[in-house]
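Only heavy atoms go into these numbers, but all of them, side chains included; no hydrogens, no water, no symmetry mates. Convention: sequence-line order gives letters A, B, ...; per-chain numbering from 1.
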Number of protein chains: 2
Amino acid sequence: MRFHHAPHSPPSLMAKPSQPRPIARKEPAVPTLEMVAAAAGVSPSTVSRLLNGTAKVSADKRKAVESAIRKLDFVANPVASGLAGGRSRSIGVITQALGSPFYGNGLLGIEDVLVESNYAPLYVSGHWRPRDEQRCLALLESRRVDGMIILTPSLPDADLLALAQRVPLVVTGRSLLGPRLCSLDFDNTEGARLATEHLIALGHTRIAFIKGTASHPDAVERLRGYRIALKAHGIPFDAALTAQGHFIESGGAQATEALLAADVKFTALLAANDQMAYGAALALYRRGLRVPEQVSLVGFDDLMGSSYTLPPLTSVRHSIHEIGRLAAHAVIALIRGEPFSDPVPAPQLMVRESCGPVAGSRRHGRTGTRQVV
Amino acid sequence: MRFHHAPHSPPSLMAKPSQPRPIARKEPAVPTLEMVAAAAGVSPSTVSRLLNGTAKVSADKRKAVESAIRKLDFVANPVASGLAGGRSRSIGVITQALGSPFYGNGLLGIEDVLVESNYAPLYVSGHWRPRDEQRCLALLESRRVDGMIILTPSLPDADLLALAQRVPLVVTGRSLLGPRLCSLDFDNTEGARLATEHLIALGHTRIAFIKGTASHPDAVERLRGYRIALKAHGIPFDAALTAQGHFIESGGAQATEALLAADVKFTALLAANDQMAYGAALALYRRGLRVPEQVSLVGFDDLMGSSYTLPPLTSVRHSIHEIGRLAAHAVIALIRGEPFSDPVPAPQLMVRESCGPVAGSRRHGRTGTRQVV
DNA sequence: GCATCATGTGAAAGCGCTTTCATACACAAT
DNA sequence: ATTGTGTATGAAAGCGCTTTCACATGATGC
């Protein structure tokens with residue numbers, strides 16, 4: 001495609017008398033809709049209509065076109081249709097980081113349904129940096145996506161509301177509503193409550209909690225779920241049993257060390273996500289504390305890897321993959337102007353081997369190994 | 001945007017005497033290059049030239065245009081330029097699965113450099129299914145990407161060679177060469193050799209190996225590295241010490257169980273990737289075998305999570321992130337017709353805590369705990 | 001002083017589609 | 001027959017850019 005040049009060829013009169021076409025055109029030239037039309041003996045409009053199902057076409061022409069398409073091996077150029085029709089058949093997806101073990105699964109879900117609906121996902125990641133996220137937004141808008149799915153929590157609601165005026169929008173992790181807007185909200189509170197209940201049922205009352213990034217809605221909801229469960233069982237909330245882990249492994253490890261160093265006693269540890277739980281597990285291991293014998297550990301998100309930690313980690317399953325699928329279905333519905341209201345799957349506790357009963361349950365004697373500094 | 005019409009105004013004379021414009025146009029209308037030109041008092045060509053640096057433009061016009069752009073808040077429509085110019089400023093990236101803990105990082109690297117070069121990455125995943133990969137290829141081609149990065153190993157070389165005729169291509173994990181083709185080949189063999197050497201240096205001679213999917217080039221290279229190291233130290237290769245793990249956690253666990261059940265003795269276990277090492281660790285744990293006291297374990301890829309396994313896993317670092325960056329730089333270079341030849345970083349062994357010396361080194365006595373069934 | 005060349009700029013022709021409008025033709029209704 | 005009422009189809013006008021070509025300039029050479 002790079003064979004033109006000799007731009008504004010200078011007045012040097014006989015510059016190139018009938019340019020011999022710089023090197024024989026070998027490219028078989030990608031077939032165009034127009035060529036299909038010619039081959040089928042119909043007008044381009046008819047071909048277009050057939051392709052998009054925009055209008056009825058008589059059976060004979062349909063056949064002619066179809067065979068022409070097959071013969072020429074024609075595939076419509078989405079760039080051209082995008083320009084002409086104003087739609088690009090692509091959906092923008094803003095995520096935190098493509099490589100994230102958690103969101104990655106969601107992207108897979110999105111991709112699944114988008115592709116089968118003949119939309120192309122355009123992924124961009126915000127890296128948790130508001131500036132990057134803004135840039136992503138701009139990029140996607142300039143690419144004229146037909147819809148967007150926003151998986152990151154840091155964009156301000158007002159921006160999203162404004163954006164939704166221009167393009168159908170699906171957001172997760174908050175509950176906004178608007179005409180071209182759909183929120184898919186996973187019940188983090190309930191998930192955390194479930195996890196805490198589980199620990200309480202095992203007899204734990206000194207349950208430490210490793211918090212996620214405070215600015216993250218998920219983090220606050222999960223903390224809330226923890227407190228709700230505590231309250232329901234008359235266990236007072238103790239801020240000293242709480243530490244910040246920033247949703248990453250190292251944060252979980254540090255939080256655990258802080259907890260351990262602070263000399264607060266706890267028999268169980270609930271981390272606001274699996275990654276922090278992994279960090280916690282390592283910190284515990286370094287101190288020679290055994291899971292679940294001495295400390296019970298619960299995570300949140302149920303990452304793939306959590307079935308393979310030592311011991312396998314009890315965690316709250318979140319089915320981000322399913323949420324991804326839902327989000328994709330939702331944008332498509334939004335684009336078509338159809339209603340959409342499939343419920344987000346409820347959280348589910350995956351009980352594995354990282355939790356055990358608290359030392360002799362209600363007996364406080366022979367506690368030795370369980371009551372942890 | 002749909003308010004033109006009355007094209008070849010029909011003979012039906014006063015057909016629609018000045019249509020009252022179907023409902024007031026509220027959209028502020030996205031600014032177009034033409035509007036910028038008008039505002040700046042120049043021709044669209046000039047604006048375009050300025051935008052693309054295609055030709056010199058006098059200082060005063062440049063200023064006029066720049067201020068017009070700023071005032072109108074204009075952003076060029078990539079769809080239109082794509083159609084007109086034949087380039088889309090997007091790069092297709094085919095990966096195995098977006099959510100993969102390993103490739104995910106590579107995607108991040110790709111994204112970093114692509115975005116800063118003003119290209120948009122278009123990710124699609126093949127899910128290890130050749131059919132899907134073909135579909136991805138077709139999708140990307142139809143989207144008129146300016147270049148492609150192929151991270152999956154299952155596409156046949158011939159296809160790639162053919163593809164490279166049409167679009168600049170960067171592939172990983174093989175060494176093809178061609179005019180518009182660039183291969184980025186990581187030295188898997190060396191990586192595996194390094195890992196094996198490490199084990200040997202610790203005194204191990206009965207080293208089991210968990211293989212990756214046989215059809216995967218990485219898998220065969222890693223096996224080769226293992227054998228090379230063995231040979232270099234005069235340790236005979238024993239196929240019985242080898243098991244298939246398919247590059248996934250469950251496969252690693254099964255392979256380990258098979259090895260254990262087969263009654264072959266080994267003191268160390270090298271897995272062809274970290275995910276299989278995680279599975280192996282779990283299988284070992286279930287059997288009550290301790291790492292590294294009874295069995296030394298080494299992985300490959302150095303996933304993020306490997307610093308947080310119990311114990312932290314010794315693994316071969318692969319810097320897929322860096323490879324992603326290189327790949328992106330490479331496509332851009334290819335597109336520009338520039339040469340590219342940055343070397344892929346060498347593998348590096350990250351020594352952590354999953355390996356220990358073999359029982360009393362050369363003394364075969366008091367072996368008890370280390371010689372594993 | 002005139003022919004020569006370089007250079008910045010504008011007009012206009014697309015890129016490959018979609019969509020409107022108008023028409024030709026088929027029937028149904030008068 | 002005559003007029004309607006649809007319906008399938010084609011012509012042509014864009015979508016918002018890029019690029020070619022031609023054309024004024026002004027700079028240069030003899």
Side-chain angles (χ1 to χ4, degrees), chain A residues 1-13 15-16 19 29-38 40-62 64-65 74-89 142 144, chain B residues 1-13 15-16 19 22 29-38 40-62 64-65 74-89 142-144:
Chain A
M1 212 135 285
R2 224 117 282 130
F3 51 91
H4 27 66
H5 303 323
H8 55 144
S9 62
S12 63
L13 275 243
K16 268 138 197 169
Q19 269 205 338
V30 182
T32 70
L33 176 144
E34 200 173 31
M35 296 167 63
V36 172
V42 301
S43 76
S45 343
T46 303
V47 180
S48 169
R49 286 193 268 250
L50 205 47
L51 254 33
N52 306 291
T54 325
K56 229 164 284 179
V57 177
S58 67
D60 50 339
K61 307 224 175 210
R62 144 171 282 119
V65 173
F74 165 80
V75 181
N77 179 338
V79 179
S81 359
L83 182 55
R87 338 176 206 68
S88 58
R89 290 209 77 82
S142 83
R144 305 302 193 270
Chain B
M1 214 140 288
R2 221 118 281 127
F3 52 92
H4 30 71
H5 307 322
H8 58 140
S9 63
S12 66
L13 278 239
K16 269 140 197 167
Q19 263 205 342
V30 182
T32 71
L33 177 146
E34 199 174 30
M35 295 166 63
V36 172
V42 302
S43 77
S45 341
T46 303
V47 180
S48 169
R49 286 193 269 252
L50 206 47
L51 253 34
N52 307 292
T54 325
K56 226 165 284 176
V57 176
S58 67
D60 49 339
K61 307 225 176 211
R62 146 171 279 118
V65 172
F74 166 79
V75 181
N77 179 339
V79 178
S81 1
L83 181 56
R87 329 174 215 72
S88 59
R89 289 209 80 79
S142 83
R143 295 257 160 191
R144 305 299 191 274

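Residue B:Ser45 is the one, among B:Ser45 and A:Pro44, whose nearest nucleotide of DNA chain C lies closer to the 5' end (criterion: closest heavy atom).
For B:Arg89 and D:dT18, the CZ to C1' distance is 14 Å, given to the nearest whole Å. Atom CE of A:Met35 is separated from atom C1' of C:dG16 by 12 Å (rounded to the nearest Å). When the P atom of D:dG10 is taken as reference, atom CD of A:Glu34 falls 13 Å away, rounded to whole Å. The CG atom of B:Leu83 sits 9 Å away from the P atom of C:dC17 (whole-angstrom rounding). Here the P atom of nucleotide C:dG8 and the CG atom of B:Asp60 are 12 Å apart, to the nearest Å. Across the protein-nucleic acid pair, B:Asn77 atom CG and C:dC17 atom C1' stand 14 Å apart, rounded to whole Å. Between the C1' atom of C:dG14 and the CG atom of A:Leu33 lies a distance of 16 Å, rounded to the nearest Å.
Taking all atoms of both residues into account, the shortest heavy-atom contact from B:Pro78 to A:Arg144 is CD-NH1, 4.5 Å. Contact between A:Met35 and A:Val30 at its shortest, heavy atoms only, is SD-O, 4.1 Å. Closest approach of B:Arg143 and A:Arg89 over heavy atoms only: NH2-O, 2.9 Å. Scanning all heavy atoms of the two residues, the minimum distance from A:Val47 to A:Val36 falls at CG1-CG1, 4.0 Å.
Among the candidates A:Leu51, A:Asn77, A:Val65, the single residue satisfying the side chain to side chain contact (heavy atoms under 4.5 Å, CB included) test with A:Leu33 is A:Leu51.
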Q: Could you provide the dot-bracket string of DNA chain C, using ( ) for intrastrand pairs, [ ] for crossing pairs and | for bases paired to another strand, with Watson-Crick or G-U pairs below 3.5 Å?
A: .||||||||||||||||||||||||||.||
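Nearest nucleotide to the A:Val42 side chain, out of D:dG10, C:dG14, C:dG10: D:dG10. The A:Thr46 side chain lies nearest to D:dG10 when the options are D:dG10, D:dG16, C:dG10. Comparing atom distances between the A:Val57 side chain and each of D:dC17, C:dT9, D:dT9 picks out D:dT9 as nearest.
The phosphate of C:dT9 (OP1 or OP2) has a side-chain N or O of B:Ser58 nearer than 4.0 angstrom. Contact annotation: B:Ser43 side-chain N/O to C:dG10 OP1/OP2 distance is under 4.0 Å. Proximity of A:Lys56 to the phosphate of D:dG6: no side-chain N or O atom is located under 4.0 Å from OP1 or OP2.
The closest side-chain heavy-atom distance from B:Ser43 to B:Thr46 is below 4.5 Å.
Contacts of A:Ser48 classified as side-chain hydrogen bond (donor to acceptor under 3.5 Å, both in side chains), with partners at least two apart in sequence or in another chain: A:Asn52.
Backbone-only contact: B:Ser81 has heavy atoms under 4.0 Å from sugar-phosphate atoms and none from a base. Contact annotation for A:Arg87: backbone-only contact, meaning every heavy-atom pair under 4.0 Å involves sugar-phosphate atoms and none involves a base.
Using a 4.0 Å cutoff on non-hydrogen atoms, the parts of residues 47-54 of chain B near DNA chain D are B:Ser48, B:Arg49, B:Asn52, ordered by number.
The line from CZ of B:Arg49 to CZ of B:Arg62 is 12.5 Å long, rounded to the nearest 0.5 Å.
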